[in-house]
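Counting begins at 1 with the first residue of the sequence. The analysis underlying the following values was restricted to heavy atoms, covering all of them including side chains, and did not include hydrogens, waters or symmetry mates.
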Amino acid sequence: NLDRAYGFSIRCIKTKFSVSTANDPVVNDPSDPSTEDTINFNGFKYKTVLSPNTGKIWLDRNLGAKRAATSSTDTDAYGAYYQFGAAKCPVGFGVPTEAELKAETTEATTGIKVINFDSALKNFLQIPAAGFLNDIGNDSGPGNNPAGVGEQVAMWTKDESVVEGGGRSLSVKNDRVNREEVLIAKFVNSRVTTKLSVRCVKD
């Protein structure tokens, strides 16, 4: 027996049929095989997908989405929109770094490399064109105006931007190359107050 003032490290082990608690979003019900590795978070049930590029484990849909995307314009797969650094992720998962998301998308070496909407959807992450919420007001009022919905992929990383006072994000949208408009996937600077999609990776 030791005094309660002493502090010790704890190492955890995952059991096949762990018991769900308020701090453990993974539910494994031995009577229902379909619940294996189900992530319960904020009223949504997520599954996980394994990256063919890095072996990392990702949520199968955007945070706040009802389901994994069935098309680029699947509104049930858009999920919630968050300002930079504001997303509260499930225990054990977090917003990816730019390098982590880049390795799975624009620089994927195995499977589908993201270069446009079609490849974003066919990529193992099944990324929809959820667009974003613009923080700049227009004639209808201030901020939170939908922009690029169904026409642009816009997804946060956790890397800060030194240019815009915000963060780095994956963007797939129309851009100009040699004066012609083409769909281009790249990482860009986004304002901290703009609200984008979030896809979580296991820590």
Just to verify, what does [X] make a side chain to side chain donor-acceptor pair (under 3.5 Å) with, not counting sequence neighbours?
X: Ser197; answer: none
X: Thr75; answer: none
X: Lys158; answer: none

Table please: side-chain donor-acceptor pairs of residues 148-156 below 3.5 Å, with sequence neighbours left out.
| from | atom 1 | to | atom 2 | distance (Å) |
| --- | --- | --- | --- | --- |
| Gln152 | NE2 | Ser171 | OG | 3.3 |
| Trp156 | NE1 | Tyr82 | O | 2.7 |

Flag, side chain of [X] to backbone of [Y], donor-acceptor distance under 3.5 Å:
X: Arg168; Y: Ser190; value: no
X: Asn53; Y: Thr110; value: yes
X: Tyr81; Y: Pro146; value: no

Looking at Thr106 and Lys186, what are the two nearest heavy atoms and their distance?
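That closest heavy-atom pairing would be CG2-N, 4.4 Å.
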Looking at every non-hydrogen atom in both residues, tell me the closest pair between Asn134 and Ala147 and how far apart they are.
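Of all heavy-atom pairs spanning Asn134 and Ala147, the closest is CB-CB, 4.4 Å.
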For Asp74 and Ser71, which I'm curious about, is there any donor-acceptor pair between the side chains at under 3.5 Å?
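No donor-acceptor contact under 3.5 Å links the two side chains.
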Working to the nearest 0.5 Å, report the span between [atom1] of [X] and [atom2] of [Y].
X: Asn123; Y: Ile115; atom1: CG; atom2: CD1; answer: 11.5 Å
X: Asp60; Y: Lys47; atom1: CG; atom2: NZ; answer: 8.5 Å
X: Asn189; Y: Ser169; atom1: CG; atom2: OG; answer: 8.0 Å
X: Thr194; Y: Gln83; atom1: OG1; atom2: CD; answer: 8.0 Å
X: Thr157; Y: Lys102; atom1: OG1; atom2: NZ; answer: 9.0 Å

Crowding at CD, Glu160 (>12 non-hydrogen neighbours, <6.0 Å):
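It does not: Glu160 CD has 12 such atoms or fewer within range.
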Can you name the ring pair (Phe, Tyr, Trp, His ring centres under 6.0 Å) partners of Tyr46, sequence neighbours left out?
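Result, ring pair (Phe, Tyr, Trp, His ring centres under 6.0 Å) vs Tyr46: none returned.
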Pairs meeting criterion salt bridge (Lys or Arg N to Asp or Glu O under 4.0 Å) with involvement of residues 106-121, two or more places apart
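Applying salt bridge (Lys or Arg N to Asp or Glu O under 4.0 Å) to every pair that reaches into residues 106-121, excluding sequence neighbours, yields Asp118-Lys122.
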